[in-house]
Amino acid sequence: MTGTQTPRIELYVRSLLPDGAHNRQEAVIERLQELDAEDEIEDFSVIVWGKQIARESAGARTEEGEYILNRVAEFKQWALSNNVSLESFYQRQTVENDVTDEPYSAMVLPVMGLAEYDGEELRHVAPCTEGEEVHTIMDRLDRLGRGEPTAIEQSSDVSILSD
């Protein structure tokens with residue numbers, strides 16, 4: 001790997017999930033436990049987030065809401081810097097407000113999101129899309145288990161062949 005340390009992983013999971021998503025979350029957490037036991041990662045944490053967050057809401061002004069908004073902003077900046085997209089995973093939707101009858105915009109959070117850090121530097125976010133290719137959480141965990149760089153780092157490597 002290109003980093004100086006084994007990575008630290010943050011796994012974001014949505015609460016109140018449909019049946020199939022719960023099994024996928026369990027599989028990812030079990031894989032993280034294996035990677036941790038094998039010293040392939042420094043450590044990992046699991047952070048539970050909700051289905052959506054509206055920037056203008058009271059919840060967004062709490063410590064937890066600010067944390068989520070700051071992390072998502074960091075993820076989007078990483079995506080921009082690495083020429084990948086998170087848009088299909090962090091969508092915006094209009095929500096009807098039952099109290100005021102005024103609709104508002106909310107960001108729908110993915111069922112799962114993975115952030116990989118080398119020290120304090122964000123190295124990878126999954127899932128993400130590079131062109132037509134989707135880089136999934138399990139793809140990244142498998143690459144970590146093999147000691148390989150992210151697929152994004154690998155695809156940006158340039159090799160010059162000489163005769």
Side-chain angles (χ1 to χ4, degrees), residues 1-18 21-36 40-95 104-131 133-145 148-156:
M1 282 189 269
T2 59
T4 58
Q5 307 175 19
T6 52
R8 175 178 55 82
I9 304 294
E10 293 179 359
L11 178 67
Y12 294 84
V13 298
R14 189 188 299 169
S15 57
L16 304 173
L17 294 170
H22 175 73
N23 293 337
R24 288 193 312 272
Q25 284 181 349
E26 289 291 316
V28 168
I29 292 169
E30 287 173 9
R31 184 70 176 119
L32 284 167
Q33 290 169 334
E34 291 169 7
L35 291 170
D36 193 25
E40 296 293 337
I41 60 175
E42 180 183 331
D43 67 0
F44 73 95
S45 56
V46 178
I47 298 103
V48 177
W49 59 13
K51 179 180 178 186
Q52 62 191 16
I53 187 164
R55 186 170 297 282
E56 304 81 25
S57 69
R61 292 186 298 273
T62 65
E63 184 177 340
E64 293 81 6
E66 288 177 3
Y67 177 84
I68 290 168
L69 289 172
N70 288 340
R71 276 302 199 244
V72 170
E74 180 183 27
F75 300 165
K76 288 183 175 186
Q77 182 60 46
W78 172 86
L80 192 63
S81 298
N82 287 279
N83 201 28
V84 297
S85 175
L86 303 175
E87 293 308 311
S88 61
F89 307 105
Y90 293 85
Q91 298 178 343
R92 296 209 79 49
Q93 75 176 22
T94 301
V95 179
Y104 60 92
S105 178
M107 180 186 344
V108 178
L109 301 168
V111 170
M112 274 191 297
L114 181 136
E116 177 182 338
Y117 290 87
D118 182 0
E120 294 302 312
E121 181 184 347
L122 180 61
R123 289 189 57 221
H124 189 71
V125 175
C128 66
T129 306
E130 183 180 27
E133 186 174 359
V134 176
H135 300 287
T136 68
I137 292 171
M138 284 306 266
D139 291 340
R140 180 57 194 136
L141 296 180
D142 289 345
R143 292 178 74 83
L144 275 169
E148 296 176 2
T150 69
I152 294 163
E153 290 171 329
Q154 187 167 344
S155 67
S156 67

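What you are looking at is a predicted structure, and each value in this text was computed from that prediction instead of being measured. All residue numbers refer to positions in the sequence shown, counting from 1.
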Participant: Determine whether Asp142 and Arg31 make a side-chain contact, defined as any pair of heavy atoms from C-beta on separated by less than 4.5 Å.
Facilitator: yes
Participant: Is a donor on one side and an acceptor on the other found under 3.5 Å between the side chain of Arg140 and the backbone of Thr136?
Facilitator: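 No; judged by distance alone, with no hydrogens or angles, the pair does not exist.
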Participant: Do Cys128 and Ile152 have side-chain heavy atoms sitting under 4.5 Å apart?
Facilitator: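 Sidechains of Ile152 and Cys128: in contact.
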Participant: Taking Asp139 for its side chain and His135 for its backbone only, find out whether a donor-acceptor pair lies under 3.5 Å.
Facilitator: no
Participant: Report yes if some heavy atom in the side chain of Gln25 is under 4.5 Å from a heavy atom in the side chain of Val111; otherwise report no.
Facilitator: yes
Participant: With a 4.5 Å limit on heavy-atom distance, are the side chains of Leu141 and Leu114 in contact?
Facilitator: yes
Participant: Give me the atom names and distance for the closest heavy-atom approach of Ala54 to Ser57.
Facilitator: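 Residues Ala54 and Ser57, closest heavy atoms: O-OG, 2.7 Å.
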Participant: Assess the residue pair Val108 and Arg14 against the criterion (side chain to side chain contact (heavy atoms under 4.5 Å, CB included)); give the C-alpha distance rounded to whole Å, side-chain angles, the decisive distance to 0.1 Å, and a yes or no.
Facilitator: CA-CA 10 Å; Val108 178; Arg14 189 188 299 169; 3.9 Å; yes
Participant: From Gln52 CD over to Gln93 CD, what is the distance, rounded to the nearest 0.5 angstrom?
Facilitator: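 If I round to the nearest 0.5 Å, the distance is 5.0 Å.
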Participant: Answer yes or no: is there an ion pair linking Arg123 with Glu116, defined by an N-O contact shorter than 4.0 Å?
Facilitator: yes
Participant: If only atom types and distance count, is the side chain of Trp78 paired as donor or acceptor with the main-chain N or O of Val84 below 3.5 Å?
Facilitator: no
Participant: Do the side chains of Phe89 and Phe75 get nearer than 4.5 Å, heavy atoms only?
Facilitator: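 The answer is no; the side chains never approach within 4.5 Å.
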Participant: Passes side chain to side chain contact (heavy atoms under 4.5 Å, CB included), Met138 versus Val28? Steps please.
Facilitator: CA-CA 7 Å; Met138 284 306 266; Val28 168; 3.8 Å; yes
Participant: Nearest 0.5 Å, please: how far is NE2 in His124 from CD1 in Ile137?
Facilitator: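 Separation between the atoms: 9.0 Å.
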Participant: Where do Leu109 and Tyr90 land on the side chain to side chain contact (heavy atoms under 4.5 Å, CB included) test, with the steps shown first?
Facilitator: CA-CA 5 Å; Leu109 301 168; Tyr90 293 85; 4.3 Å; yes
Participant: To check you understand the geometry: which heavy-atom pair defines the closest contact between Leu35 and Gly145, and what is its length?
Facilitator: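 What the structure gives for the nearest pair is CD2-CA, 3.5 Å.
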Participant: Quick one: closest heavy-atom pair of Gly50 and Ser15, and the distance?
Facilitator: CA-OG, 4.4 Å
Participant: Hey, is CD on Glu63 packed in by over 12 heavy atoms from elsewhere, all under 6.0 Å?
Facilitator: no
Participant: Can you confirm whether Ile53 sits close enough to Val72 that some side-chain heavy atom of one is under 4.5 Å from a side-chain heavy atom of the other?
Facilitator: no
Participant: Quick check for you: to the nearest 0.5 Å, what is the distance between Leu69 atom CG and Met107 atom CE?
Facilitator: 5.5 Å
Participant: So, the side chain of Arg8 versus the backbone of Asp43: is there a donor-acceptor pair under 3.5 Å, distance only?
Facilitator: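 No, Arg8 side chain to Asp43 backbone: no donor-acceptor pair under 3.5 Å.
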Participant: Taking atom CG of Asn70 and atom CD of Glu74, what is their separation to the nearest 0.5 Å?
Facilitator: 8.5 Å
Participant: Give, for atom OH of Tyr67 and atom CD1 of Ile47, the distance between the pair rounded to the nearest 0.5 Å.
Facilitator: 4.5 Å
Participant: Closer than 3.5 angstrom, by distance alone: can the side chain of Arg71 be matched with the main-chain N or O of Glu66 as a donor-acceptor pair?
Facilitator: no
Participant: Would you say Phe44 and Asp36 make side-chain contact, with heavy atoms under 4.5 Å?
Facilitator: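 Contact flag for Phe44/Asp36 side chains = yes.
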Participant: How far apart are the closest heavy atoms of Pro127 and Leu86, and which atoms are they?
Facilitator: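 For Pro127 and Leu86, the tightest heavy-atom pair comes out as O-CD2, 3.5 Å.
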Participant: Distance check, rounded to the nearest 0.5 Å: Glu34 atom CD versus Ile41 atom CD1?
Facilitator: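 Between atom CD of Glu34 and atom CD1 of Ile41 there are 10.5 Å.
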Participant: Are any of the side-chain heavy atoms of Glu130 and Asn83 separated by less than 4.5 Å?
Facilitator: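 Glu130 vs Asn83: side chains apart.
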Participant: If you draw a 6.0 Å radius around CZ in Arg92, do more than 12 non-hydrogen atoms from other residues or ligands fall strictly inside?
Facilitator: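 Above 12, so yes.
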Participant: Check whether Glu153 reaches the backbone of Thr150 with its side chain - one donor and one acceptor, N or O, closer than 3.5 Å.
Facilitator: yes
